[in-house]
Structure formats: structure tokens, C-alpha cells
Amino acid sequence: MRRADVVFSPWSLLLGRIELIDMEIDGLTLRVIERVESPGDFNFLALRPKASAGGKSVQQPQSALLSDLRLEIGSTKDGTVSIRSTQQFAADFQHRAGDSSVYEFRLEQKQQDDKPVSDNAIRLNGTWNESTFAYAADLSGLNIDEELLRALPAQAQRWAARAELTGRVERAHIEGSTAEP
């Protein structure tokens with residue numbers, strides 16, 4: 001991460017908790033790595049978030065802006081990591097009016113593998129509930145090309161190659177929760 005600006009309520013510290021108001025993060029890199037010897041096993045799958053029971057010590061921010069989010073997708077074998085796709089995004093999250101546990105978000109791709117994208121940018125809009133971890137998202141029109149296929153998990157890449165997958169996704173919708181992914 002290059003820079004993080006965080007605004008919090010100093011009064012909440014007197015009550016023994018941290019209440020984040022706003023945050024802006026610039027230059028955050030997330031690396032999603034798949035184990036070659038175990039396709040479909042990603043480093044982030046070890047994270048098992050629990051739904052909130054109400055006694056939070058950190059209040060989530062009302063809004064968050066990620067001005068340069070870099071997503072690196074790759075694989076590891078025998079301790080060696082290879083990156084096969086790098087995508088850069090801008091994202092923002094805002095609490096839904098009237099429901100502070102639900103965020104509305106927007107994610108828009110800016111670059112892929114250090115090349116600008118225009119017509120084929122990934123655009124994702126949706127909601128995320130920080131209490132239940134439920135989510136819903138819509139993906140706008142997207143051409144299926146080599147650069148996009150490199151970002152898929154290994155098994156999906158093999159399937160796409162066998163199926164000679166081409167074309168365009170006009171719209172896709174996904175929703176779920178930790179209980180029902």
C-alpha cells in the first residue's frame with residue numbers, strides 16, 4: 001500500500017472503540033494465488049469470516065475509496081510464485097442510506113497487464129452486508145478474450161480452452177453469503 005488516509009471519531013476512543021468515518025487507500029495490491037498441486041485452492045480460502053454478533057470494537061467506515069487497487073492473479077508450485085494476470089481497479093464503497101450495515105460498491109477496471117482497457121473494462125456494481133457477509137453484484141458487458149481468460153482459475157482455464165470459449169457476457173449477476181456461497 002502506498003498511502004492510506006483514515007478519518008475516525010476521536011470521541012469513540014473514550015468509549016473504548018474505534019469508529020472509522022472515512023478512508024481512502026491508494027496503491028493497494030492484493031495477490032490471489034492458486035496452488036498448482038491443488039487446483040481451486042486459493043490463499044484467501046483459508047479466511048473464514050464469522051457473522052457479527054453485535055459486539056463490534058471497530059465501526060466500519062461510512063465510505064471507502066480505493067483509487068488504485070492492483071489485483072495480481074497467479075499460482076504457486078514448490079514455493080515459487082508466478083503471476084499470470086495483473087488488473088488495476090478503482091473502487092468506492094458507501095453505506096446504504098438508512099442501513100449502516102450494507103455497503104453499495106462500484107469497481108471499475110483501469111488497466112490489465114499494464115495496458116489501458118476501455119471497451120472491455122470489468123465493471124462491477126453491488127452490495128455487501130458487513131454483518132452477515134451476504135453479497136450481490138452485477139457485471140456489465142464484457143468480451144471474453146485471452147487477457148480475461150488468463151485471470152481465471154486453472155480448472156476454468158482448461159475448461160474454457162476445451163470449449164473454445166469466446167463471445168461476450170452482456171450481464172451477469174451473483175449473490176450469496178458465507179452460509180450459501
Side-chain angles (χ1 to χ4, degrees), residues 1-6 22-47 49 61 63-94 103-128 130 133-178 181:
M1 179 182 330
R2 276 192 303 267
R3 182 179 58 83
D5 293 330
V6 179
D22 191 22
M23 61 190 304
E24 182 176 340
I25 298 174
D26 180 42
L28 178 65
T29 299
L30 296 176
R31 194 174 263 187
V32 179
I33 304 299
E34 183 177 20
R35 289 185 177 86
V36 170
E37 63 276 2
S38 181
D41 186 4
F42 293 87
N43 56 340
F44 65 85
L45 291 176
L47 302 173
S63 64
L65 176 65
L66 301 171
S67 53
D68 182 13
L69 171 64
R70 186 177 180 95
L71 181 61
E72 295 179 342
I73 299 170
S75 57
T76 182
K77 183 175 182 176
D78 301 326
T80 302
V81 173
S82 62
I83 303 299
R84 64 177 177 258
S85 177
T86 301
Q87 300 165 349
Q88 288 178 258
F89 297 90
D92 64 76
F93 299 81
Q94 294 282 337
Y103 281 100
E104 294 178 339
F105 64 86
R106 176 192 59 82
L107 180 78
E108 184 172 340
Q109 186 178 18
K110 299 298 181 188
Q111 288 190 1
Q112 181 160 346
D113 299 323
D114 297 320
K115 293 182 262 183
V117 292
S118 54
D119 295 338
N120 205 33
I122 295 171
R123 291 178 182 86
L124 194 65
N125 295 293
T127 60
W128 175 66
E130 69 178 344
F133 294 97
Y135 56 88
D138 289 301
L139 176 71
S140 63
L142 185 66
N143 292 320
I144 299 169
D145 60 16
E146 283 299 315
E147 292 173 348
L148 179 67
L149 295 175
R150 273 199 314 275
L152 294 175
Q155 289 176 324
Q157 283 184 27
R158 287 191 290 277
W159 175 85
R162 282 193 310 270
E164 298 177 0
L165 186 63
T166 61
R168 180 172 169 81
V169 176
E170 290 302 327
R171 181 181 174 273
H173 178 80
I174 184 171
E175 61 183 75
S177 67
T178 54

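No experiment lies behind these values; they were computed from the predicted model shown. Note that these values count all heavy atoms, side chains included, but never hydrogens, waters or copies made by symmetry.
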>> Is it the case that the side chains of Asn143 and Arg168 hold a donor-acceptor pair, with the cut-off being a distance below 3.5 Å and no angle test?
In response: yes

> Residues in salt bridge (charged side-chain N to carboxylate O under 4.0 Å, His left out) with Asp78, at least two apart?
Replying inline: none

> Do Lys77 and Glu34 meet the salt-bridge criterion of a basic N to acidic O distance under 4.0 Å?
Replying inline: no

> According to the interplanar angle, ranging from 0 to 90°, do the rings of Trp128 and Tyr103 count as parallel (below 30°), tilted (30 to 60°) or perpendicular (above 60°)?
Replying inline: parallel

>> Using only atom types and a distance under 3.5 Å, with no angle test, would you say the side chain of Gln112 pairs donor to acceptor with the backbone of Glu147?
In response: yes

>> Taking Glu72's backbone N and O only, do any of them form a donor-acceptor pair with Arg31's side chain (distance below 3.5 Å, no angle check)?
In response: no

> Backbone N or O of Asp113 within a donor-acceptor pair of the Gln87 side chain at under 3.5 Å?
Replying inline: no

> Any sub-3.5 Å donor-acceptor pair from Arg123's side-chain atoms to Glu108's backbone N or O?
Replying inline: no

> Hey, are the side chains of Leu124 and Phe105 touching, using non-hydrogen atoms and a 4.5 Å cut-off?
Replying inline: yes

> Do the charged groups of Asp5 and Arg3 touch, with an N to O distance under 4.0 Å?
Replying inline: yes

> Hey, does the side chain of Gln109 reach the backbone of Ile122 with a donor-acceptor pair shorter than 3.5 angstrom?
Replying inline: yes

> So, do Arg162 and Gln157 sit near enough that their side-chain heavy atoms are less than 4.5 Å apart?
Replying inline: no

>> Does any part of the side chain of Leu28, heavy atoms only, come nearer than 4.5 Å to the side chain of Ile25, both counted from C-beta?
In response: yes

>> Can you confirm whether Glu170 sits close enough to Leu142 that some side-chain heavy atom of one is under 4.5 Å from a side-chain heavy atom of the other?
In response: no

